[in-house]
Amino acid sequence: MNVLYLNTHDIGRYLQTYGYPVHTPNLLRLSREGMAFTQMYCASPTCSPSRGAMLTGQYPHNNGLIGLSHRGFRINGKHHLANYMKQHGYETVLSGVQHEIKLHEEETLGYERCLNPMEYYRNDLPQCELYTWQDEMAAENAVNYLKNRGKDERPFFLAVGFGCTHREYPRVPDEYETDYVQVPKALPNLPDVRKDMAGMQIAVDTVDRLCGKILDALKETGEYENTLIFFTTDHGLPFPMMKCNLYDDGTGVSFILRYPGMPRVHCISDALLSQIDVFPTLCDILNMEKPNWLSGSSFLPVITGEEEEIREAVYAEINYHVAYEPVRSVRTKKNKYIVRWENGYDKVPPTHIDDSLSKEVFHENGYFEKKLVKEELYDLMLDPQERDNLIGGEDYQSVKDEMRQLLETWQKKTGDPLLTGQKICLPEGAICCTTDSYSTKTQVILPECRKYLEGLRGVLQNNIK
């Protein structure tokens with residue numbers, strides 16, 4: 001069986017498949033021909049750590065990718081799915097976005113071919129136009145690859161990644177009726193937020209259209225009935241209280257799977273799953289031996305209908321995004337427990353929220369003065385938006401103890417350095433900024449750099465005088 005891996009940035013479950021007000025007919029059709037999973041969660045709600053976890057089957061603190069690849073954080077590429085597929089005789093091909101390693105180092109992940117020409121990496125366009133332009137090229141190159149490959153060639157593992165759903169979003173045309181855009185429940189229904197969501201809708205429409213082109217090419221070449229296809233994203237929407245948060249709005253992701261001979265189709269599964277489970281599941285479907293480094297469990301029994309659940313809980317972590325923020329969580333079907341490690345801040349760090357109109361709305365209304373607490377506990381059946389922290393509730397002490405124990409057991413099993421009181425240090429060559437930095441585009445503002453810059457400012461001022 002061939003394997004087609006379709007992915008995009010930052011959409012959570014914002015698809016027509018999951019009932020959201022966006023037009024995504026191609027992905028809806030794919031889910032009807034296969035299965036959509038309603039309770040799939042990422043292992044880390046930030047771009048590179050999430051992708052790295054799914055594609056190695058290991059948590060970020062195990063595979064090394066604890067921060068963003070373009071900021072110098074590195075993954076154990078030998079454990080990457082592309083490398084494993086290559087070892088099993090697949091031609092491994094990349095078109096478009098990957099966010100697991102620095103650009104032009106894709107070969108270390110196991111990709112034999114990268115379809116992106118040098119022109120793909122141009123930077124003379126505004127970002128809101130560049131991402132869409134790159135996505136059009138990625139889809140076109142993937143289609144050409146599918147149409148021009150020989151019938152007797154090796155099976156392929158083709159990864160196609162899209163970027164236009166990452167900020168900055170495509171420009172919203174003047175005729176777009178933003179007044180009638182529905183915003184997520186976690187956000188205030190205000191003009192700037194509606195305009196923000198309109199940009200997201202346009203981007204999601206684009207990704208669906210381009211996925212449709214690739215799926216049509218598979219059908220035209222006769223490979224559709226010999227290809228396993230899965231579509232997913234890295235984490236939740238890039239809005240306050242979503243991306244880079246361990247609430248469900250940050251960790252909940254779309255996941256659609258379809259393959260020839262699938263025992264159940266045109267249905268959904270509500271099984272509690274983690275993207276950590278994707279690698280071992282692919283191994284089972286493709287009859288490949290599972291490598292010994294995998295931390296997840298195959299959910300093939302859920303696909304076949306033999307089991308309704310394969311796990312008691314899912315786990316997630318944050319280490320670095322733009323700044324250091326050590327947080328861990330455990331989620332069962334009913335409860336969520338979040339714990340923050342000591343980090344020298346007690347308010348919401350603005351640096352982890354993508355620059356946007358919505359961020360400014362929250363800023364103006366005092367969101368970044370909101371006090372953070374060390375522990376949070378939620379009853380997800382009665383409070384799915386995770387707003388009523390029950391950590392001090394007398395009726396929930398036994399639940400708190402149970403969730404704490406689940407998390408501690410997982411940390412011991414996976415060798416989480418936070419459990420022993422260690423700080424997760426910034427790796428050599430990686431960069432981050434401090435949590436009081438406002439913009440996510442800030443490159444490096446560490447204490448030692450701040451002292452240097454202050455000295456440099458003094459020298460410049462004297463020279464000007």
With ring centroids as reference points, do W410 and Y59 lie under 6.0 angstrom apart?
-> yes
Indicate yes or no for a side-chain donor-acceptor contact from R331 to the backbone of Y337 under 3.5 Å, with no hydrogens or angles considered.
-> no
Work out which heavy atom in I202 is nearest to a heavy atom in P173; give both atom names and the distance.
-> CD1-CD, 3.6 Å
Between the side chain of Q201 and the main-chain N/O of P21, is any donor-acceptor distance below 3.5 Å?
-> yes
Verify the neighbour count for atom CD of E168: are there more than 12 heavy atoms of other residues, nucleotides or ligands below 6.0 Å?
-> yes
Does E105 come within less than 4.0 Å of R74, counting only side-chain N to carboxylate O?
-> yes
Decide, yes or no, whether a salt bridge links D10 with R167 under the criterion of side-chain N to carboxylate O below 4.0 Å.
-> no
Salt bridge present between K400 and D395 (N-O < 4.0 angstrom) | no
Does Q98 reach the main-chain N or O of I101 with its side chain, forming a donor-acceptor pair under 3.5 Å?
-> yes
Measure across N389 and E376 and return the closest heavy-atom pair with its distance rounded to 0.1 Å.
-> OD1-CA, 3.3 Å
Donor-acceptor contact below 3.5 Å, side chain D277 vs main chain S274 | yes
Do the non-hydrogen side-chain atoms of I303 and T281 ever get within less than 4.5 Å of each other?
-> yes
Does the side chain of K347 come within less than 4.5 Å of K370's, by heavy atoms?
-> no
Take D354 and K243 through the test salt bridge (charged side-chain N to carboxylate O under 4.0 Å, His left out) and record every step on the way to the result.
-> CA-CA 8 Å; D354 288 5; K243 177 179 178 178; 2.9 Å; yes
Would you please indicate if the ring centroids of H363 and Y438 are separated by under 6.0 Å?
-> yes
Any chance the side chains of S50 and S44 put a donor and an acceptor closer than 3.5 Å?
-> no
Any donor-acceptor N/O pair, K374 side chain to R340 backbone, under 3.5 Å = yes
Apply side chain to side chain contact (heavy atoms under 4.5 Å, CB included) to C211 and F231, showing your working.
-> CA-CA 9 Å; C211 285; F231 172 92; 4.2 Å; yes
Any donor-acceptor pair under 3.5 Å from D436 side chain to P349 backbone = no
Please work out which of the three classes, parallel, tilted or perpendicular, describes the rings of H70 and H99, given edges at 30° and 60°.
-> parallel
Check: Y84 ring centre within less than 6.0 Å of F279 ring centre | yes
Is there side-chain contact between W341 and V339, with heavy atoms separated by less than 4.5 Å?
-> yes
Among side-chain atoms of Q275 and T232, is any donor-acceptor pair under 3.5 angstrom?
-> yes
So does R328 pair up with D416, basic N to acidic O under 4.0 Å?
-> yes
Can you tell me if S95 uses its side chain to pair, donor with acceptor, with the backbone of V160 under 3.5 Å?
-> no
Modelled atom types, side-chain donor and acceptor of H80 and Y111, under 3.5 Å = no
Between Y5 and F230, does the ring centre distance come in under 6.0 Å?
-> yes
Under 3.5 Å, is there a donor-acceptor pair between the R209 and N26 side chains?
-> no
Minimum side-chain heavy-atom gap S358-P240 below 4.5 Å = yes
Do S254 and Y18 have side-chain heavy atoms sitting under 4.5 Å apart?
-> yes
Can you name the salt bridge (charged side-chain N to carboxylate O under 4.0 Å, His left out) partners of K333, sequence neighbours left out?
-> E309
Show the numbers, then the answer: is there a side-chain hydrogen bond (donor to acceptor under 3.5 Å, both in side chains) between Q39 and Y41?
-> CA-CA 6 Å; Q39 300 295 314; Y41 295 90; 2.6 Å; yes
Is it the case that more than 12 heavy atoms not belonging to E308 sit under 6.0 Å from its CD atom?
-> no
Distance only, no hydrogens: is a donor on one side chain within 3.5 Å (strictly under) of an acceptor on the other, for T409 and Q405?
-> yes
Aromatic ring proximity, centroids under 6.0 angstrom, Y121 and H104 = yes
For atom CG of D124, decide whether the heavy atoms of other residues, nucleotides or ligands shown that lie under 6.0 angstrom number more than 12.
-> yes
Report yes if some heavy atom in the side chain of Y14 is under 4.5 Å from a heavy atom in the side chain of L237; otherwise report no.
-> yes
Run the numbers on K102 and S69 for side chain to side chain contact (heavy atoms under 4.5 Å, CB included), then give the verdict.
-> CA-CA 6 Å; K102 287 183 177 179; S69 61; 5.6 Å; no
Does K412 have any salt bridge (charged side-chain N to carboxylate O under 4.0 Å, His left out) partners at least two apart in sequence or in another chain, and if so, which?
-> E408
Check for a donor-acceptor pair, side chain of D135 on one end and backbone N or O of G163 on the other, with a separation under 3.5 Å.
-> yes
Counting N and O atoms only, with roles assigned by atom type, does the side chain of R13 sit under 3.5 Å from a partner on the main chain of M40, one being a donor and the other an acceptor?
-> yes
Within-4.5 Å side-chain heavy-atom neighbours: I75 and T56 = yes
Please report the closest heavy-atom contact between C244 and I318, naming both atoms and the distance.
-> O-CD1, 3.5 Å
Would you please indicate if the ring centroids of F368 and F362 are separated by under 6.0 Å?
-> no
Among D379, D248, T251, D383, the one residue meeting side chain to side chain donor-acceptor pair (under 3.5 Å) with K336 | D248
Tell me, yes or no, whether the heavy-atom count around R171 atom CZ, taken from other residues, nucleotides or ligands under 6.0 Å, exceeds 12.
-> no
Evaluate the salt bridge (charged side-chain N to carboxylate O under 4.0 Å, His left out) criterion for residues D208 and K213: first the C-alpha distance (whole Å), next the side-chain angles of each, then the deciding distance (0.1 Å), finally the verdict.
-> CA-CA 9 Å; D208 180 80; K213 284 187 175 183; over 6 Å; no
Assess whether side-chain hydrogen bond (donor to acceptor under 3.5 Å, both in side chains) is satisfied between D270 and T38, documenting all intermediate values.
-> CA-CA 5 Å; D270 296 320; T38 68; 2.5 Å; yes
Would you find more than 12 non-hydrogen atoms of other residues, nucleotides or ligands less than 6.0 Å from Q182 atom CD?
-> no
Pair D234-H9, side-chain donor/acceptor within less than 3.5 Å = yes
Report the C-alpha distance between L4 and L215 in whole Å, list the side-chain angles of each, state the deciding distance to 0.1 Å, and finish with yes or no for side chain to side chain contact (heavy atoms under 4.5 Å, CB included).
-> CA-CA 9 Å; L4 173 62; L215 295 175; 4.2 Å; yes
Decide side chain to side chain contact (heavy atoms under 4.5 Å, CB included) for I256 and L15; before the verdict, give the C-alpha distance in whole Å, the side-chain angles of both, and the deciding distance to 0.1 Å.
-> CA-CA 11 Å; I256 300 169; L15 294 174; 4.3 Å; yes
Regarding Q127 and Y131, is there a side-chain donor-to-acceptor distance under 3.5 Å anywhere?
-> yes
Name the one of L406, D401, L407 that satisfies side chain to side chain contact (heavy atoms under 4.5 Å, CB included) with R404?
-> D401
F162 and V97, any side-chain heavy atoms less than 4.5 Å apart = no
Hey, are S437 and T351 close enough side-chain-wise for a donor-acceptor pair under 3.5 Å?
-> no
Does G96 offer a backbone N or O that forms a donor-acceptor pair with the side chain of N116 under 3.5 Å?
-> yes
